[in-house]
Amino acid sequence: MRLILIGIQGAGKSTQGNLLSEKLKIPYLSTGHIFRNLAKERTKLGRYIKEVMNAGYLIPDNKTLQIVNDYLHRPEYKNGYILDGFPRTLNQAKAFKNGIDKVVYLGVSDEEALRRLSYRNGQGREDETPAAIQRRIALFHKFTKPVLDFYRDKGILIEIDGEKSIEEIHEEIMRKVGKE
Ligand code: AMP
(Lines give C-alpha, C1' and ligand atoms only; values in the text may rest on other atoms or scores of the structure.)
Protein backbone atom coordinates (compact mmCIF):
# COMPACT_ATOMS: atom_id res chain seq x y z
CA MET A 1 0.00 0.00 0.00
CA ARG A 2 1.23 3.47 -0.87
CA LEU A 3 -0.06 6.22 1.38
CA ILE A 4 0.59 9.93 1.51
CA LEU A 5 0.08 12.07 4.60
CA ILE A 6 -0.66 15.76 4.15
CA GLY A 7 -1.12 18.45 6.80
CA ILE A 8 0.45 21.58 8.19
CA GLN A 9 3.36 21.34 10.58
CA GLY A 10 1.94 20.28 13.95
CA ALA A 11 -0.97 18.33 12.42
CA GLY A 12 0.36 15.01 13.76
CA LYS A 13 1.68 13.51 10.53
CA SER A 14 4.75 11.86 12.03
CA THR A 15 2.77 10.48 15.00
CA GLN A 16 0.18 8.95 12.68
CA GLY A 17 2.79 7.94 10.11
CA ASN A 18 4.74 5.94 12.68
CA LEU A 19 1.58 4.27 14.05
CA LEU A 20 0.49 3.31 10.54
CA SER A 21 3.95 2.04 9.71
CA GLU A 22 3.87 -0.29 12.71
CA LYS A 23 0.35 -1.52 11.99
CA LEU A 24 0.65 -1.93 8.23
CA LYS A 25 4.27 -3.11 8.32
CA ILE A 26 5.41 -0.69 5.67
CA PRO A 27 8.13 1.94 6.08
CA TYR A 28 7.44 5.54 7.00
CA LEU A 29 9.40 8.17 5.13
CA SER A 30 9.34 11.94 5.54
CA THR A 31 10.84 14.34 3.05
CA GLY A 32 11.55 16.77 5.91
CA HIS A 33 13.68 14.05 7.48
CA ILE A 34 15.49 13.34 4.20
CA PHE A 35 16.23 17.03 3.73
CA ARG A 36 17.39 17.45 7.33
CA ASN A 37 19.89 14.64 6.77
CA LEU A 38 21.10 16.17 3.52
CA ALA A 39 21.42 19.55 5.28
CA LYS A 40 24.03 18.03 7.61
CA GLU A 41 26.32 17.22 4.70
CA ARG A 42 29.18 19.63 4.07
CA THR A 43 28.51 19.80 0.38
CA LYS A 44 27.16 22.56 -1.80
CA LEU A 45 23.78 20.83 -1.91
CA GLY A 46 23.82 20.33 1.88
CA ARG A 47 24.52 23.99 2.60
CA TYR A 48 21.90 25.11 0.11
CA ILE A 49 19.20 22.84 1.58
CA LYS A 50 20.03 23.96 5.11
CA GLU A 51 19.62 27.59 4.19
CA VAL A 52 16.29 27.06 2.41
CA MET A 53 14.90 24.85 5.19
CA ASN A 54 15.89 27.10 8.06
CA ALA A 55 14.10 29.99 6.39
CA GLY A 56 10.97 27.83 6.05
CA TYR A 57 10.96 27.95 2.25
CA LEU A 58 10.34 24.99 -0.04
CA ILE A 59 13.12 23.14 -1.85
CA PRO A 60 12.59 23.61 -5.62
CA ASP A 61 10.30 21.04 -7.28
CA ASN A 62 12.90 19.54 -9.63
CA LYS A 63 15.39 18.89 -6.81
CA THR A 64 12.67 17.52 -4.54
CA LEU A 65 11.31 15.19 -7.21
CA GLN A 66 14.74 13.86 -8.03
CA ILE A 67 15.61 13.19 -4.39
CA VAL A 68 12.24 11.58 -3.55
CA ASN A 69 12.28 9.36 -6.65
CA ASP A 70 15.83 8.23 -5.86
CA TYR A 71 14.76 7.27 -2.34
CA LEU A 72 11.64 5.42 -3.41
CA HIS A 73 13.67 3.26 -5.77
CA ARG A 74 15.41 1.66 -2.80
CA PRO A 75 14.41 -1.97 -2.22
CA GLU A 76 12.88 -1.28 1.22
CA TYR A 77 10.11 0.78 -0.42
CA LYS A 78 9.23 -1.84 -3.03
CA ASN A 79 6.20 -3.15 -1.15
CA GLY A 80 4.78 0.22 -0.21
CA TYR A 81 5.39 3.17 2.09
CA ILE A 82 3.84 5.98 4.04
CA LEU A 83 5.14 9.24 2.69
CA ASP A 84 4.92 12.44 4.74
CA GLY A 85 5.71 15.91 3.45
CA PHE A 86 5.46 15.20 -0.26
CA PRO A 87 3.92 16.29 -2.62
CA ARG A 88 3.73 19.84 -1.34
CA THR A 89 3.00 21.59 -4.64
CA LEU A 90 0.71 20.86 -7.57
CA ASN A 91 3.75 20.45 -9.83
CA GLN A 92 5.16 17.78 -7.54
CA ALA A 93 1.79 15.98 -7.41
CA LYS A 94 1.40 16.00 -11.19
CA ALA A 95 4.97 14.81 -11.81
CA PHE A 96 4.79 12.01 -9.24
CA LYS A 97 3.64 8.83 -10.95
CA ASN A 98 3.98 6.16 -8.31
CA GLY A 99 0.50 4.70 -8.12
CA ILE A 100 -0.65 6.19 -4.83
CA ASP A 101 -3.53 4.30 -3.15
CA LYS A 102 -4.77 6.93 -0.70
CA VAL A 103 -3.91 10.43 0.40
CA VAL A 104 -4.72 11.26 4.02
CA TYR A 105 -5.26 14.90 4.91
CA LEU A 106 -4.93 15.63 8.63
CA GLY A 107 -6.80 18.89 9.05
CA VAL A 108 -6.05 21.12 12.04
CA SER A 109 -6.53 24.88 12.33
CA ASP A 110 -3.49 27.13 12.14
CA GLU A 111 -4.17 28.14 15.75
CA GLU A 112 -4.17 24.55 17.00
CA ALA A 113 -0.97 23.76 15.08
CA LEU A 114 0.76 26.83 16.52
CA ARG A 115 -0.41 25.92 20.01
CA ARG A 116 1.00 22.39 19.65
CA LEU A 117 4.28 23.62 18.21
CA SER A 118 4.74 26.10 21.05
CA TYR A 119 4.85 23.11 23.43
CA ARG A 120 7.81 21.73 21.49
CA ASN A 121 9.69 24.95 22.22
CA GLY A 122 13.22 24.34 23.37
CA GLN A 123 13.21 20.75 22.13
CA GLY A 124 12.20 21.96 18.71
CA ARG A 125 14.27 21.47 15.59
CA GLU A 126 16.69 24.06 14.26
CA ASP A 127 14.22 24.93 11.49
CA GLU A 128 11.30 25.45 13.91
CA THR A 129 11.76 29.16 14.55
CA PRO A 130 8.50 31.19 14.79
CA ALA A 131 9.26 32.95 11.48
CA ALA A 132 9.94 29.67 9.66
CA ILE A 133 6.78 28.08 11.10
CA GLN A 134 4.62 31.01 10.01
CA ARG A 135 6.13 30.87 6.55
CA ARG A 136 5.50 27.12 6.25
CA ILE A 137 1.85 27.57 7.23
CA ALA A 138 1.42 30.36 4.68
CA LEU A 139 3.09 28.24 1.99
CA PHE A 140 0.84 25.32 2.87
CA HIS A 141 -2.28 27.38 2.18
CA LYS A 142 -0.85 28.74 -1.02
CA PHE A 143 0.84 25.69 -2.56
CA THR A 144 -0.38 22.54 -0.80
CA LYS A 145 -4.14 23.22 -0.70
CA PRO A 146 -4.30 22.78 -4.51
CA VAL A 147 -2.66 19.35 -4.02
CA LEU A 148 -5.65 18.36 -1.87
CA ASP A 149 -8.04 19.41 -4.65
CA PHE A 150 -5.98 17.41 -7.14
CA TYR A 151 -6.33 14.17 -5.12
CA ARG A 152 -9.96 14.90 -4.20
CA ASP A 153 -10.73 15.05 -7.94
CA LYS A 154 -9.00 11.69 -8.37
CA GLY A 155 -11.24 10.25 -5.65
CA ILE A 156 -8.43 9.09 -3.37
CA LEU A 157 -8.43 11.84 -0.73
CA ILE A 158 -9.36 10.93 2.84
CA GLU A 159 -10.08 13.95 5.02
CA ILE A 160 -9.63 13.54 8.77
CA ASP A 161 -10.32 15.90 11.66
CA GLY A 162 -6.79 16.13 13.04
CA GLU A 163 -7.98 17.70 16.30
CA LYS A 164 -9.40 14.42 17.61
CA SER A 165 -7.35 12.13 19.85
CA ILE A 166 -4.36 10.22 18.45
CA GLU A 167 -6.20 6.87 18.87
CA GLU A 168 -9.42 8.09 17.24
CA ILE A 169 -7.51 9.48 14.28
CA HIS A 170 -5.49 6.30 13.87
CA GLU A 171 -8.64 4.15 13.89
CA GLU A 172 -10.40 6.42 11.44
CA ILE A 173 -7.47 6.27 9.01
CA MET A 174 -7.28 2.46 9.28
CA ARG A 175 -11.01 2.23 8.62
CA LYS A 176 -10.92 4.58 5.67
CA VAL A 177 -7.96 2.93 3.98
CA GLY A 178 -9.84 -0.35 4.34
CA LYS A 179 -7.38 -1.95 6.76
CA GLU A 180 -9.51 -2.68 9.74
P1 AMP B 1 8.80 19.17 7.15
O2 AMP B 1 9.56 18.40 8.17
O3 AMP B 1 7.89 18.30 6.33
O4 AMP B 1 8.10 20.35 7.73
O5 AMP B 1 9.87 19.74 6.13
C6 AMP B 1 10.88 20.61 6.55
C7 AMP B 1 11.40 21.41 5.36
O8 AMP B 1 11.90 20.52 4.36
C9 AMP B 1 10.37 22.25 4.64
O10 AMP B 1 10.17 23.49 5.27
C11 AMP B 1 11.02 22.41 3.26
O12 AMP B 1 12.09 23.34 3.30
C13 AMP B 1 11.63 21.04 3.05
N14 AMP B 1 10.67 20.14 2.38
C15 AMP B 1 10.12 19.00 2.88
N16 AMP B 1 9.32 18.41 1.98
C17 AMP B 1 9.34 19.20 0.87
C18 AMP B 1 8.71 19.15 -0.40
N19 AMP B 1 7.87 18.13 -0.73
N20 AMP B 1 8.95 20.14 -1.28
C21 AMP B 1 9.79 21.13 -0.97
N22 AMP B 1 10.40 21.26 0.20
C23 AMP B 1 10.20 20.30 1.13
Side-chain angles (χ1 to χ4, degrees), residues 2-21 27-41 43-74 77 81-98 100 102-110 112-151 156-157 160 162:
R2 294 180 177 132
L3 288 181
I4 283 179
L5 291 175
I6 298 186
I8 52 178
Q9 197 174 6
K13 286 170 291 156
S14 68
T15 303
Q16 293 299 332
N18 282 302
L19 281 173
L20 287 168
S21 169
Y28 164 73
L29 176 71
S30 112
T31 48
H33 188 81
I34 297 173
F35 286 133
R36 273 188 290 283
N37 278 338
L38 287 173
K40 286 186 205 144
E41 290 178 7
T43 57
K44 206 170 153 211
L45 179 69
R47 280 190 293 273
Y48 169 75
I49 288 180
K50 183 172 178 177
E51 204 176 301
V52 175
M53 280 185 79
N54 285 355
Y57 286 113
L58 293 174
I59 310 297
D61 288 336
N62 57 351
K63 265 205 176 64
T64 300
L65 277 158
Q66 191 190 337
I67 291 168
V68 171
N69 279 322
D70 279 357
Y71 254 81
L72 295 181
H73 274 105
R74 295 181 178 186
Y77 302 115
Y81 46 78
I82 297 151
L83 186 54
D84 158 0
F86 175 93
R88 279 254 228 298
T89 66
L90 196 53
N91 275 340
Q92 290 178 10
K94 285 182 176 167
F96 188 59
K97 306 243 184 300
N98 277 42
I100 294 305
K102 295 280 182 204
V103 176
V104 177
Y105 170 51
L106 290 174
V108 301
S109 66
D110 295 356
E112 172 64 12
L114 289 170
R115 198 180 60 79
R116 291 179 185 180
L117 291 171
S118 70
Y119 285 122
R120 287 192 204 168
N121 238 351
Q123 324 143 20
R125 303 180 325 229
E126 190 183 343
D127 63 336
E128 281 187 348
T129 59
I133 290 170
Q134 287 289 358
R135 182 162 292 135
R136 265 185 218 111
I137 289 180
L139 291 174
F140 181 89
H141 291 297
K142 187 165 177 202
F143 292 109
T144 312
K145 281 275 168 76
V147 174
L148 297 179
D149 298 334
F150 177 78
Y151 289 120
I156 57 170
L157 184 70
I160 307 268

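Every value quoted in this text rests on a predicted model; they were computed, and no experiment measured them. Numbering of ligands and ligand atoms starts at 1, following listing order.
Side-chain rings of F86 and F96 approach one another, their centers coming within less than 6.0 Å.
Under the side-chain contact (heavy atoms from CB on, under 4.5 Å) criterion, I133 pairs with Q9, L114, L117, E128, R136, I137, not counting sequence neighbours.
Side-chain contact check for N37 and K40: at least one donor-acceptor pair (N or O, by modelled atom type) lies under 3.5 Å.
Residue pairs meeting the salt bridge (charged side-chain N to carboxylate O under 4.0 Å, His left out) criterion with at least one member in residues 8-17, sequence neighbours excluded: K13-D84. Residue pairs that meet the side-chain hydrogen bond (donor to acceptor under 3.5 Å, both in side chains) test with at least one member in residues 63-74, sequence neighbours left out, do not exist here.
By the 4.5 Å heavy-atom criterion applied to side chains, I67 and F35 are counted as neighbours.
Listed by chain and residue number, the protein contacts of ligand 1 are T31, G32, F35, R36, M53, Y57, L58, I59, T64, G85, F86, R88, Q92, R125, D127, R136 (heavy atom within 4.0 angstrom).
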